[in-house]
Amino acid sequence: MATLTELNEFQSAILQGIPHKLPPGKGLNDQLSHAPNRKDLLTIAEKKLAVRNALRYFPKEWHGELGQEFAEELKRYGRIYMYRFKPTYPMFARPINEYPARCKEAAAIMLMIQNNLDPAVAQHPEELITYGGNGAVFQNWAQYLLTMKYLARMTDEQTLHIYSGHPMGLFPSGKNAPRVVVTNGMMIPNYSKPDDWERYNALGVTQYGQMTAGSYMYIGPQGIVHGTTITVMNAFRKVLAKGSKTEGKIFVTSGLGGMSGAQPKAGNIVGCITICAEVNAAAAEKRHKQGWVDELIQDLDVLVKRTRNAIAKEETVSLAYVGNVVDVWERFWEEEIPIQLGSDQTSLHNPWAGGYYPAGLSYEEANAMMVADPELFRKKVQESLRRQVAAINKHTTRGMYFFDYGNAFLLEASRAGAEVYAENGVDFRYSSYVQDILGPMCFDYGFGPFRWVCTSGKPEDLSVTDQLAQNVLSSLYEEAPGEIGQQMADNIKWIAEAEKNQLVVGSQARILYADAEGRIKIAEAFNKAISEGKITAPVVLGRDHHDVSGTDSPFRETSNIYDGSKFTADMAIHNVIGDSFRGATWVSIHNGGGVGWGEVINGGFGLVLDGSEQALSKLRNMLFFDVNNGVSRRSWARNDEALFAIRREMERSPGLVVTLPNLVEEESLQNLFPDKHQS
């Protein structure tokens, strides 16, 4: 708990926003991981414009000193972060009553913002980047200061509009309107290539919000550990005989920096040997200290010996190899180490600016090359991808099941000329995990990553929510149809073991997969418990954008849409608009995300439960639409599981009327368009 003096200083700083006096310059904290330097793409005129854009946050008398400083930041880092204005108070999610706010909803949003920037949670906290290498909450510290000040001043009849990190201002609205509307990277389509992000982000006019960074809904690696657990668990079900144990079986992957850090924890929950390579030693050490990976290994010979021992003893263990995953793939082939599952979770949506580190270069060498010689770095990345795919292809001949984890691995490998295409030359030879697992098993049925945060900051409140959620799911399981029985059982097991698996990093948060019925009933139980004092402060509801309805992403979330509409983004746009007038506390829409800038549109929400009747009405109305919007779209695409789910929902929800497809027999299409080469 903060002392009274500390609390007063914190609240005063929030209310002040941009300081009245120019603060002293600040050096970088060497104990934290920092974003790689960005490419230099701006002309001299554009660099002047970038500095001019940055100076508009500050009074004219500061422009001389700050202009030189910002120009130096731009030259050195490729961006203007305004390090001087980073707050001196510690950054973490405080209990909600410590925030100076005129409405609880605004205080809850302030808590979520600070959680996203907590050094224990964020990948590059001093650059305001939460995860994925470039997933930012804000572009610079001035935007953070102004946003927190606006939230502190906000009433429940105002809405704060945020343009790619920039707080445009408070506008009159109403009690039922969202308190915040966030957009990130919403470019004109022809200006949505990777180098466009580099240029316009350097100018200070847009940012990459990833999926949950720029919408303040990131909850640390736990946010993906559940989905990863489900994916790995069901991947093993695909390759192992029924009843076979996962202990002693191997899952090889890479990435520990951001959300990828969930992989070893998920492997431990599943009960396998997880080998996860990470080139950034600091990132690997951070996950080890947090208890998310069991052992760090820096020598390939040691890794080979340790892996053989783990196989022999049928262990459940997670091993982080501090080095390049390409070396692991190639060495394990030579050593004939059997791998059952393989994947990759490097940030290949951002391949040229730190999302993927090529084999043959150290972490430091790669960071230097990507700035000094970007074309050579690009060649090195593509060479490395070709080597990685070649090794993966060899392992699959020994029975390994490889799946793309939606990080644009296969997409970028194909662009590099790697052998990733199927025989038809159109499809990839390996499926996306959504195509094989999460799409048909979860998303089509309406199951997705529902999450919540206890704003009291008390573990006891989180324990109460865990038990309430378990009670709700257990009750629903008794009457659930067989089609969703496995999903229900897996989630009941997950929530029952959540506390012992020590998943919390940062805020007191939890996640589980649930459909609309499950989400609504869990939220109702939370709201009731808050009203009765069993939960001591409001609860924030949200989800990953990686969900049923929130995201249109042809190489990930909607990769199992086969009617040709997977390249459209109507669903995500309707989702955020529909949530906004059905009760969401804040809504967000982003260009970019897990598979890259220009490759996906995704939307999210936050909803604050305070125990009131108004919150009850909002959660029922909004959560129902938030899920069933996507199930409806998936049913229109003729997905069998979604057709089952939406018909079931219409039977019990009289106000729901959805257009259903008339299924076409294949015979009726025969010979309609004969191949001109046919005789």
Side-chain angles (χ1 to χ4, degrees), residues 228 231-232 234-240 249-255 260 263 267 272-279 300 303-304 307-308 311 319 321 323-349 351 355-361 378-438 554-556 559-560 594-596:
T228 305
T231 300
V232 174
N234 284 293
F236 272 120
R237 286 170 178 160
K238 291 176 74 69
V239 299
L240 299 181
K249 305 300 189 299
I250 294 180
F251 170 43
V252 172
T253 185
S254 57
S260 56
Q263 294 179 107
C272 65
I273 302 167
T274 304
I275 297 167
C276 190
E278 171 57 59
V279 296
L300 265 178
L303 178 66
V304 167
T307 302
R308 291 192 190 283
I311 294 171
L319 310 175
Y321 173 63
N324 200 289
V325 73
V326 178
D327 297 325
V328 176
W329 285 117
E330 292 176 343
R331 182 66 181 275
F332 275 31
W333 171 259
E334 293 169 3
E335 299 285 345
E336 298 186 0
I337 293 176
I339 301 172
Q340 283 71 39
L341 298 183
S343 192
D344 184 277
Q345 209 175 125
T346 50
S347 298
L348 266 160
H349 67 275
Y356 180 91
Y357 285 82
L361 294 176
R378 182 186 293 261
K379 290 178 182 177
K380 293 288 186 183
V381 166
Q382 294 190 323
E383 287 172 4
S384 185
L385 284 169
R386 289 193 292 270
R387 279 178 57 187
Q388 184 170 343
V389 168
I392 288 167
N393 290 344
K394 289 180 180 178
H395 283 284
T396 59
T397 66
R398 290 177 177 163
M400 182 185 75
Y401 172 69
F402 184 86
F403 57 93
D404 184 298
Y405 214 127
N407 61 332
F409 175 76
L410 292 180
L411 181 62
E412 286 302 330
S414 70
R415 291 168 176 168
E419 295 182 10
V420 293
Y421 282 110
E423 288 185 8
N424 63 14
V426 176
D427 300 316
F428 293 132
R429 65 168 66 183
Y430 306 116
S431 295
S432 154
Y433 73 118
V434 173
Q435 288 176 290
D436 265 12
I437 298 171
L438 283 191
F555 297 104
R556 194 161 80 172
S559 60
N560 71 318
V595 296

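None of the values given here were measured: they were computed from a predicted structure.
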Sub-4.5 Å side-chain heavy-atom contact between Gln345 and Phe409
no
Under a 4.5 Å cut-off applied to non-hydrogen side-chain atoms, are Leu303 and Leu300 in contact?
yes
Distance in Å, Phe402 CZ paired with Phe428 CZ, rounded so as to fall on 0.5 Å steps
11.5 Å
Can the positive tip of Arg398 be found less than 6.0 Å from the middle of the six-membered ring of Trp333, inside 45° of the ring normal?
yes
From Ile311 CD1 over to Lys249 NZ, what is the distance, rounded to the nearest 0.5 angstrom?
9.5 Å
Using modelled atom types only, decide if a donor and an acceptor are shared between the side chain of Gln263 and the backbone of Gly255 within a distance under 3.5 Å.
yes
Can a side-chain donor-acceptor contact be found between Tyr430 and Asn393 if the only test is distance below 3.5 angstrom?
yes
Is the closest side-chain donor-acceptor distance between Tyr356 and Ser384 under 3.5 Å?
yes
I'd like to know if the side chain of Ser432 pairs up with that of Asp404 as donor and acceptor (distance under 3.5 Å, no hydrogens or angles considered).
no
Nearest 0.5 Å please: distance from the CZ atom of Phe403 over to the CD1 atom of Ile437.
6.0 Å
So, Tyr357 and Thr346: side-chain donor and acceptor under 3.5 Å apart, yes or no?
no
Heavy atoms, side chains only, cut-off 4.5 Å: are Tyr405 and Thr253 in contact?
no
Rounded to the nearest 0.5 Å, what separates atom CG in Leu341 from atom CD1 in Ile275?
11.5 Å
Could you tell me whether the side chain of Arg386 and the main chain of Gly417 form a donor-acceptor pair under 3.5 Å?
no
May I ask you to test the Asp344-Gln388 pair for a side-chain heavy-atom distance under 4.5 Å?
yes
Enter the distance from Glu423:CD to Arg429:CZ here, rounded to the nearest 0.5 Å.
9.0 Å
Within a strict 4.5 Å, meaning less than it, do heavy atoms of the Ile337 and Arg331 side chains meet?
no
Gln340 side chain to Ile250 main-chain N or O, any donor-acceptor pair under 3.5 Å?
yes
Going from CZ on Phe251 to CD1 on Ile273, what distance comes out if it is rounded to the nearest 0.5 angstrom?
13.0 Å
Check the side chains of Asp327 and Tyr321 for a donor-acceptor pair under 3.5 angstrom, ignoring hydrogens and angles.
no
Heavy-atom side-chain contact between Arg415 and Leu411 under 4.5 Å
yes
Taking side chain as C-beta onward, heavy atoms only, is Phe332 less than 4.5 Å from Val304?
yes
